[in-house]
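Have a look at the structure below before the remarks.
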2 protein chains.
Amino acid sequence: MSKPLANAAQGKQDGQGGQDRQPKDPAVVLGLGVDRSSPVPLYFQLAQQLEAAIERGALTPGSLLGNEIDLAGRLGLSRPTVRQAIQSLVDKGLLVRRRGVGTQVVHSQVKRPLELSSLYDDLEAAGQRPETRVLRNTLGPASAEVAAALGVAEGQEVHHVERLRLAHGEPMAFLTNHIPAGLLDLDTARLEATGLYRLMRAAGLTLHSARQSVGARATAADEAERLAEPEGAPLLTMRRTTFDDTGRAVEFGAHVYRASRYSFEFQLLVRP
Amino acid sequence: MSKPLANAAQGKQDGQGGQDRQPKDPAVVLGLGVDRSSPVPLYFQLAQQLEAAIERGALTPGSLLGNEIDLAGRLGLSRPTVRQAIQSLVDKGLLVRRRGVGTQVVHSQVKRPLELSSLYDDLEAAGQRPETRVLRNTLGPASAEVAAALGVAEGQEVHHVERLRLAHGEPMAFLTNHIPAGLLDLDTARLEATGLYRLMRAAGLTLHSARQSVGARATAADEAERLAEPEGAPLLTMRRTTFDDTGRAVEFGAHVYRASRYSFEFQLLVRP
DNA sequence: GAGGTTCTGTTGTCCGGACAAATGATTGAC
DNA sequence: GTCAATCATTTGTCCGGACAACAGAACCTC
């Protein structure tokens with residue numbers, strides 16, 4: 001009892017019939033339909049398909065999605081299930097719901113939610129061939145500062161890693177990291193082959209959030225050569241503590257980037 | 001049929017009786033209880049109370065929350081409602097659910113999710129008395145760069161605001177903003193009294209997300225005096241486009257901060 | 001004692017229904 | 001013609017129930 005989905009921006013009132021005519025089901029047109037034998041939850045299947053439809057432009061920004069009851073009926077799902085799918089896309093910022101109006105595709109220029117940034121992945125995605133030079137990889141007692149940042153006792157065993165990150169053979173950043181012992185197998189060869197975050201994820205850690213502090217300062221004399229910047233040149237600094245899904249701190253890093261070569265890009269979400 | 005809530009870390013099996021003894025309802029102990037006459041949704045009331053209990057330490061990190069069915073029964077709510085409350089706290093990173101185990105309070109040092117940062121609010125929260133000096137407040141055609149950032153046509157009318165933000169009478173940052181015309185009533189007096197984000201929210205705009213880019217550079221000759229920094233001193237730069245809940249760009253800002261006085265603090269969430 | 005099996009408790013998913021609240025259009029009165 | 005009241009539509013909230021999937025403990029077998 002409504003004309004949903006697709007380009008329903010203009011309210012063309014074509015008699016709202018079609019009960020005897022070919023239904024021309026918009027859900028079918030969009031390729032929506034769930035597989036009940038799949039172990040993937042139904043709401044998740046639907047969410048993925050809707051997201052794909054938005055991504056490929058089958059659902060244009062501003063278009064209405066049709067009411068939930070009908071959509072559920074057409075797909076053979078219950079309304080709560082459809083709502084759960086829609087809600088997950090609303091959380092992602094792809095859809096907006098308005099009571100009394102409907103659910104519409106967001107008119108956004110921002111595509112990706114942008115995750116916890118990893119310098120290695122960033123560089124690789126940008127087509128630069130990242131390279132890592134491990135300058136230090138030791139295990140020892142945590143200093144007061146590191147212990148406070150990681151929330152462990154002072155003197156606890158922690159890994160201490162120092163790396164120089166290069167792109168196209170030129171230094172980009174100097175990375176200092178501290179990781180509690182026992183979480184990770186920190187092999188120097190592996191550290192030179194990939195990024196730290198990838199190693200942590202591979203070790204079964206599910207990263208959840210990170211507290212960051214970004215600032216700037218001038219290049220000191222003792223780091224000028226290492227970073228190939230003149231003394232006094234501006235540097236971008238970042239201190240970050242990363243937590244896994246249980247709230248445990250799994251990494252503390254204090255990094256220095258060449259401001260002439262790098263800047264942070266990220267997206268902040270407002271959670272009201 | 002279980003011993004939930006409070007410090008249930010140790011599995012003391014005290015006969016699981018208590019059906020005839022005083023129940024000593026943990027929900028009551030925690031001050032949980034909803035008001036059905038309130039217009040505030042029940043799940044939201046419960047979420048707030050749980051969050052408050054965590055905040056004040058009544059629910060200690062690592063402690064189990066007790067199963068959802070019992071909790072629902074004790075509060076006179078249905079399980080879906082309780083689940084919705086819990087889920088909102090899981091999204092906030094305060095709780096973790098594990099199937100077969102239960103829901104427990106996260107062992108986190110991070111308290112606040114940290115929202116879209118507003119320099120004005122940041123300074124005010126830090127006890128510094130922020131002050132704003134409006135240097136420019138005009139309406140004119142958008143340049144190519146501004147139009148691209150805001151996603152509007154070049155030449156479209158936009159506000160152009162330049163402000164100097166001070167704390168304790170000392171300059172902290174130079175803020176340049178562009179806002180599409182018609183969204184907001186940009187009164188210079190009001191701009192000097194509060195922050196831009198507060199004005200936008202007061203105008204009924206619901207901010208949703210922002211795309212940011214943070215870098216660093218040296219102080220140029222023409223801005224040295226304005227910021228009270230010597231020429232060549234490192235500055236922190238930020239470019240940000242803010243979007244409302246419909247995905248529309250509502251603000252574009254290019255800001256410069258004194259690195260000696262300010263650094264960004266924020267939290268990134270991983271959305272898997 | 002070691003190992004696998006069963007059992008119990010918990011969250012995850014899904015259903016069907018009901019009413020309230022907000023929005024926008026339609027209708028009606030003046 | 002203008003304004004207010006009404007109505008239909010749609011999402012928001014809430015209920016009660018059912019079964020599946022998973023983790024951990026208890027149990028039993030060898």
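Chain letters run A, B, ... following the sequence lines, proteins first and then strands; every chain starts at 1.
- Between atom CZ of residue A:F252 and atom CZ of residue A:R211 there is a gap of 12.5 Å, rounded to the nearest 0.5 Å.
- Smallest separation of non-hydrogen atoms from B:L139 and B:A181: CD1-CB, 3.9 Å.
- Judged purely by distance below 3.5 Å, without hydrogens or angles, the side chains of A:Q45 and A:D35 never pair a donor atom with an acceptor atom.
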Protein and nucleotides 13-17 of chain C: nitrogen or oxygen contacts under 3.5 angstrom:
| from | atom 1 | to | atom 2 | distance (Å) |
| --- | --- | --- | --- | --- |
| C:dT13 | OP1 | A:Y43 | OH | 3.2 |
| C:dT13 | O4 | B:R79 | NH1 | 3.3 |
| C:dC14 | OP1 | A:L42 | N | 2.4 |
| C:dC14 | OP2 | A:L42 | N | 3.4 |
| C:dC14 | OP2 | A:Y43 | N | 3.3 |
| C:dC15 | OP1 | A:R36 | NH2 | 2.7 |
| C:dC15 | OP2 | A:S78 | N | 3.1 |
| C:dC15 | OP2 | A:S78 | OG | 2.9 |
| C:dC15 | OP2 | A:T81 | OG1 | 2.5 |

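- Judged by distance alone, the side chains of A:Q104 and A:R97 never bring a donor and an acceptor atom under 3.5 Å apart.
- Per the geometry, CD1 belonging to A:I69 stands 8 Å off P belonging to D:dT11, to the nearest Å.
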Nucleotide N/O to protein N/O under 3.5 Å, stretch nucleotides 25-28 of chain C:
none

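- Rounded to an integer number of Å, the gap from CZ of B:R98 to P of D:dA25 is 12 Å.
- Nucleotide C:dG9 holds its C1' atom 16 Å from the CG atom of B:L71, rounded to whole Å.
- For the OP1/OP2 pair of C:dT11 and a distance below 4.0 Å, the side-chain nitrogens and oxygens of B:T103 include at least one atom meeting the criterion.
- The CG atom of A:L75 sits 10.5 Å away from atom OG1 of A:T81, with the distance rounded to the nearest 0.5 Å.
- The distance between atom CG of A:N67 and atom C1' of D:dG12, rounded to the nearest whole Å, is 14 Å.
- Atom CG of A:L65 and atom P of D:dT10 are 12 Å apart (whole Å).
- Legend: residues meeting side chain to side chain contact (heavy atoms under 4.5 Å, CB included) with A:P41, ordered by chain and number and at least two apart, are A:Y43, A:F44.
- Considering only side-chain N and O atoms, A:R97 lies under 4.0 angstrom from the phosphate OP1 or OP2 of D:dG12.
- Between the side chain of B:D244 and the backbone N or O of B:A249, no donor-acceptor pair lies under 3.5 Å.
- One distance of note links CG of B:L95 with CD1 of B:I54; it measures 4.5 Å at 0.5 Å rounding.
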